[in-house]
Each structure stands twice: as structure tokens, then as C-alpha cells.
Amino acid sequence: MIQKVSVRRLNFTTVRAVMSFCSFSGGEFYKGHFETGMYVCAECGHELFSSRSKYEHSSPWPAFTETIHENSVSKHEERWGAYKVKCGKCGNGLGHEFVNDGPKHGLSRF
């Protein structure tokens, strides 16, 4: 049985997790969640990230190194090294991409 849990517009099932921008207060429930699955947009279900690209980071939110598809997200530069990230299908706000802040040199952190 697949159970879907909803916390601050972020949902997870063993098959899919639904993502949306989360507030800073209290951190994010799925930051330490590393079960196999796919993260999708909370608004439209568009595929965003795979659990294979998720890693531990000191930020209070889940961290990923890459999107599933080239068109998974749209982004625009907010400042040097930081991009505002939205769902590539519906424009739902997802947070930021920080260039060269991933677990290895040259990788971004979403």
C-alpha cells in the first residue's frame, strides 16, 4: 500500500513526492527523508527530481543536485550564483538553485 502524507504542501509516497516552496520556520519534514521515489510539483504533478539526486545538506530543506528532465524546472537569475526556480510546467515556486554549492565541485544545489 502506498501512503500519501501532506506536510506544508509537500507530499510523499514511495512512488512520488510532491514539492512546493516551503517556509523557513521549523525546517522541512522531508529534509532527512531518503526513501526511493520521485519528487513532483504540488500543483500539477510535473516530474522535478529523483531521490537518486537527493543528498544531505545543512540547509533546512531537501537538497538535490539535478532535475529529472531538462524541462522539469524553469529558472531565472536572481543574483550571481543563485537562480529562482519554478515548475517547468505550471510555474509553481520551488525555491532556488545555488550554483557550485552541491556535494561535489561543479554541482548545483536545488
Side-chain angles (χ1 to χ4, degrees):
M1 180 171 95
I2 295 174
Q3 182 180 10
K4 191 172 183 179
V5 180
S6 177
V7 176
R8 285 190 221 105
R9 294 177 52 192
L10 177 65
N11 304 314
F12 185 83
T13 68
T14 54
V15 176
R16 311 180 97 162
V18 182
M19 295 198 63
S20 182
F21 180 77
C22 302
S23 66
F24 181 78
S25 65
E28 177 49 58
F29 181 79
Y30 292 108
K31 174 185 175 8
H33 188 267
F34 287 92
E35 289 185 32
T36 301
M38 182 173 300
Y39 293 79
V40 301
C41 177
E43 297 297 321
C44 71
H46 189 58
E47 295 177 342
L48 303 170
F49 306 100
S50 166
S51 60
R52 286 176 275 162
S53 72
K54 191 171 187 287
Y55 69 100
E56 286 195 48
H57 189 269
S58 61
S59 75
W61 299 284
F64 304 88
T65 56
E66 61 188 2
T67 60
I68 291 181
H69 307 290
E70 198 172 302
N71 70 345
S72 290
V73 301
S74 64
K75 52 190 175 180
H76 71 272
E77 191 169 22
E78 197 167 69
R79 66 184 187 323
W80 186 86
Y83 291 84
K84 187 73 172 168
V85 177
K86 297 180 179 183
C87 172
K89 184 175 181 183
C90 73
N92 181 33
L94 301 172
H96 292 84
E97 174 187 5
F98 299 98
V99 179
N100 291 319
D101 191 35
K104 294 180 183 174
H105 180 69
L107 292 177
S108 288
R109 173 174 56 95
F110 288 87

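- Between atom NZ of residue K89 and atom NE2 of residue H69 there is a gap of 11.0 Å, rounded to the nearest 0.5 Å.
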Requested in this report: Kindly determine whether K75 and K84 satisfy side-chain contact (heavy atoms from CB on, under 4.5 Å), including the steps that lead there.
Outcome: CA-CA 5 Å; K75 52 190 175 180; K84 187 73 172 168; over 6 Å; no

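- Taking the six-membered ring where tryptophan is involved, the planes of F64 and Y39 are perpendicular, since the angle between them exceeds 60° and thus also 30°.
- Taking both residues in full, the closest heavy atoms of P62 and K54 are given as CB-CE, 3.7 Å, listed atom of the first, atom of the second, then distance.
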Can you give each donor-acceptor pair under 3.5 Å made by side-chain atoms of residues 102-110, sequence neighbours left out, with the distance rounded to 0.1 Å?
from	atom 1	to	atom 2	distance (Å)
S108	OG	E97	OE2	2.7
R109	NE	H57	NE2	3.2
R109	NE	D101	OD2	2.6
R109	NH2	D101	OD2	2.7

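- Side chain of T67 to backbone of L48: no donor-acceptor contact under 3.5 angstrom is found.
- Residues C90 and H46 are not in side-chain contact: their nearest non-hydrogen atoms beyond the backbone lie 4.5 Å or more apart.
- Closest approach of L94 and C87 over heavy atoms only: CD1-N, 3.6 Å.
- In this structure, OH on Y83 lies 11.0 Å from NE2 on H76, to the nearest 0.5 angstrom.
- Annotation: salt bridge (charged side-chain N to carboxylate O under 4.0 Å, His left out) contacts involving residues 55-73, sequence neighbours excluded, are absent.
- The hydrophobic cluster containing V40 also contains I68, counting ILVMFWY residues as joined when their side-chain heavy atoms lie under 4.5 angstrom apart, directly or transitively.
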